[in-house]
Amino acid sequence: MRAICWQGKKDIRCEAVPDPKIEDPKDAIIRVTSTCICGSDLHLMNGFVPTMMLGDVLGHEPMGEVVEVGAEARAKGLNVGDRVVVPFQMVCGECEQCRKGNFSVCQRTNRNADLARAFYGDTTAGLFGYSHITGGYAGGQAEYMRIPWAATTVVKVPQGGPDEKYLFLSDILPTGWQAAAQAGIEPGDTVAVWGCGPVAQFAIMAALKLGAKRVIAIDDVPERLEMARRQGADILDRSKSNVLMTLKEMTGGHGPERCIDAVGIEAHGPTKVLELIDRVETALKLETERPIALREAIMACKAAGTVSVPGVYGGISNTIPMGAAMNKGLTIKTGQTDVKKYADDLLRRIEEGEIDPTFVITHTVPLGRAPEMYRTFRDKRDGCVKVVLKP
Ligand SMILES: NC(=O)c1ccc[n+]([C@@H]2O[C@H](COP(=O)([O-])OP(=O)(O)OC[C@H]3O[C@@H](n4cnc5c(N)ncnc54)[C@H](O)[C@@H]3O)[C@@H](O)[C@H]2O)c1
Ligand SMILES: [Zn+2]
Ligand SMILES: [Zn+2]
């Protein structure tokens, strides 16, 4: 089959790889009908995530049709022909963390849990197409995909209607939702969102639905800012004004009650010189990320407020203003998204027509064009916000 493979930093290729097979009775195989490129994939492309290996199959936002089922998965109700969205993480459904709904840190699905413990002190769930520290599982930018722990992992969706209606249940829709939900928005709150990428767009949507009085969206990419404005956010173009000063001015001098970092590890700014410091420090391995949006979010946040961090971080960040966080009494909430915690509610909202997640899609192309689309998406060229690939 054809799949999109990581062949080193900035080297993504469409290659022929062996078809996946059932390896365990809990497995299923799906024929992928749609799959996406995520901002998280850019961190892999750009070499920010450790433990990638040459030839790793990328992708963690797929959906498709079940074409083969192992005996245990079938006994738990998964059948050939089912139409499923595949969340980016595998869940066992039975461990202590799964029982508490902390699916992104399922204790059983990461087959390289020891490596994760060595890096992070405890394990994450197994993730698809996201390095060996999260299990080294083949991803879903491919014609077919093996789903370990299939019956407890997938989200079944109705047979009718376009893939695009359901596809983002795999990651970015619940991720935007969790970003807003964990911010603890109260009526009257102002929510500032760093970034206007796909994750941020859904965080903006969720913040408004969860009762924010006002959302301020921060980026410097005009069409992304415009998309946020169309959703009802006030926009702050970080290339035209000082973010911290402007946020204070917009909020009576105190700052937003809830601040969401939907940028993560590869943020730009706040000025060319300050960005250069983080670029030099990452090049020298003195830190592994550029936590520019996170620093701003902590500094901007109103006392007793919340900083919610859906943005991905991988290792060590320098110069995090802990003094501001501590003395202002901030709550910091972060994490990979517990996709299944939100999937049923979001699926219902989609079915009832309350949410139409398709507005973020700007490009739909055949799978083979993925390498070129990774670059277009990374460089924010051609108005690119979200790419859907068709195997
Ligand atoms: N927690 C999770 O489970 C989870 C899931 C999916 C994605 N993510 C992460 O969410 C983040 C966003 O993903 P995406 O797909 O929207 O990515 P994206 O690359 O499309 O969007 C990032 C946006 O941030 C903007 N930006 C850069 N520096 C900025 C700054 N200093 N201030 C404000 N905006 C800035 C960019 O211009 C861009 O529009 C990534 O880090 C991704 O890895 C996390
Ligand atoms: Zn993703
Ligand atoms: Zn589990």
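Remember, it's 1-based here, ligands and their atoms both numbered in the order they're listed. Computed from a predicted structure; not experimentally measured.
Ligand 1 has an N or O atom lying under 3.5 Å from an N or O atom of V312, backbone or side chain. Inclusion of W194 in the set of residues having an N or O under 3.5 Å from an N or O of ligand 1 is not warranted. Between P198 and ligand 1, an N or O atom pair is found at a separation short of 3.5 Å.
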**Request:** Give the C-alpha distance, both sets of side-chain angles, the deciding distance and a yes or no for side-chain hydrogen bond (donor to acceptor under 3.5 Å, both in side chains) between T306 and R258.
**Result:** CA-CA 5 Å; T306 309; R258 316 290 159 196; 2.8 Å; yes
**Request:** Evaluate the salt bridge (charged side-chain N to carboxylate O under 4.0 Å, His left out) criterion for residues K76 and E94: first the C-alpha distance (whole Å), next the side-chain angles of each, then the deciding distance (0.1 Å), finally the verdict.
**Result:** CA-CA 13 Å; K76 286 195 169 167; E94 291 167 353; 3.6 Å; yes
**Request:** Test R378 against E266 for salt bridge (charged side-chain N to carboxylate O under 4.0 Å, His left out), laying out the working first.
**Result:** CA-CA 11 Å; R378 179 194 62 194; E266 294 184 73; over 6 Å; no
**Prompt:** Would T124 and Q336 count as a side-chain contact (heavy atoms from CB on, under 4.5 Å) if you check the C-alpha gap in whole Å, the side-chain angles of each, and the deciding distance to 0.1 Å?
**Reply:** CA-CA 9 Å; T124 67; Q336 301 278 2; 5.7 Å; no
**Message:** Run the side-chain hydrogen bond (donor to acceptor under 3.5 Å, both in side chains) test on E68 and Y144 for me, step by step, so that the C-alpha distance in whole Å, both residues' side-chain angles and the decisive distance to 0.1 Å come before the verdict.
**Reply:** CA-CA 11 Å; E68 247 185 284; Y144 293 89; over 6 Å; no
**Prompt:** Where do D163 and K390 land on the side-chain contact (heavy atoms from CB on, under 4.5 Å) test, with the steps shown first?
**Reply:** CA-CA 10 Å; D163 278 4; K390 297 287 183 179; 4.2 Å; yes
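Stacking of R111 on the aromatic ring of Y137 is recorded, both the 6.0 Å distance cut-off and the 45° axial limit being met.
Of all the heavy atoms of T175, the ones lying under 4.0 Å from any atom of ligand 1 belong exclusively to the side chain. When heavy-atom distances to ligand 1 are checked against a 4.0 Å cut-off, D171 comes that close only through its side chain, counted from C-beta outward. Within the 4.0 Å heavy-atom criterion, the part of R224 lying near ligand 1 is the side chain and not the backbone. Within the 4.0 Å heavy-atom criterion, the part of R238 lying near ligand 1 is the side chain and not the backbone.
Considering only heavy atoms from C-beta on, N79 stays 4.5 Å or farther from V69 through its side chain. Looking only at side-chain heavy atoms (C-beta outward), K209 and I355 come within less than 4.5 Å of each other.
Distance from atom 39 (O) of ligand 1 to its nearest protein heavy atom, with residue and atom name: D219 OD2, 2.6 Å. Protein heavy atom nearest atom 44 (C) of ligand 1, with residue, atom name and distance: P310 O, 2.9 Å. In this structure, the protein non-hydrogen atom closest to atom 12 (C) of ligand 1 is A262 O, 3.3 Å. Summary of contacts: the protein heavy atom closest to atom 3 (O) of ligand 1 is T337 N, 2.9 Å. Remark: minimum distance from atom 13 (O) of ligand 1 to any protein heavy atom is reached at V199 CG2, 3.6 Å. Shortest contact from atom 17 (O) of ligand 1 to any protein heavy atom: G39 CA, 3.5 Å. In terms of protein heavy-atom proximity, atom 31 (N) of ligand 1 is closest to H268 O, 2.7 Å.
Side-chain contact of N110 with T134: a donor-acceptor pair under 3.5 Å is absent, judged by distance alone. T358 and E164 share no donor-acceptor pair across their side chains, judged by distance under 3.5 Å alone.
Backbone or side-chain N, O or S atoms of E61 reach the Zn ion (ligand 2) at under 2.8 Å.
Of the options E266, E61, K380, Q201, the smallest heavy-atom separation from atom 19 (O) of ligand 1 is shown by K380. Of the candidates S104, G335, S170, S40, it is S40 that places a heavy atom closest to atom 8 (N) of ligand 1.
With the Zn ion (ligand 2) at the apex, C38 SG and D171 OD2 define an angle of roughly 130° (rounded to 10 degrees). Vertex the Zn ion (ligand 3); arms to C95 atom SG and C98 atom SG; angle 110° (nearest 10°). Rounding to the nearest 10°, we obtain 110° for the angle at the Zn ion (ligand 3) between C106 SG and C92 SG.
Heavy-atom separations between F88 and ligand 1 include at least one value shorter than 4.0 Å. For V263, the heavy-atom gap to ligand 1 drops under 4.0 angstrom. Assignment of G269 to the shell around ligand 1 is not supported, since no heavy atom sits closer than 4.0 Å.
Close approach to G264 involves these atoms of ligand 1, each under 4.0 Å from a residue heavy atom: 41 (O). Near V221, with a cut-off below 4.0 Å to any heavy atom, the atoms of ligand 1 are 37 (O). Remark: ligand 1 atoms within the under-4.0 Å shell around heavy atoms of G195 are 24 (O), 33 (C), 34 (N). Every atom of ligand 1 is numbered from 1 in the order shown, and the set under 4.0 Å from a heavy atom of I218 is 33 (C), 34 (N). Atoms of ligand 1 found under 4.0 Å from any heavy atom of F377 (numbered from 1 in listed order, with element): 20 (O).
A salt bridge links R295 with D278: at least one charged nitrogen is closer than 4.0 Å to a carboxylate oxygen. A salt bridge does not link E372 to R375: none of the charged side-chain nitrogens sits closer than 4.0 Å to a carboxylate oxygen. Ion pairing between a basic and an acidic side chain is recognised when a charged N comes within 4.0 Å of a carboxylate O; R349 and D345 show such pairing.
Although no hydrogens or angles enter the test, the distance criterion places a donor-acceptor pair under 3.5 Å between the side chain of E275 and the main chain of G269.
Considering just the N/O/S atoms of H60, the one nearest the Zn ion (ligand 2) carries the name NE2.
Note on M205 and Y342: same hydrophobic cluster, where clusters join Ile, Leu, Val, Met, Phe, Trp and Tyr whose side-chain heavy atoms are under 4.5 Å apart, directly or indirectly.
Between F202 and F359, the ring planes lie perpendicular to each other; the angle is over 60°, past the 30° to 60° tilted range.
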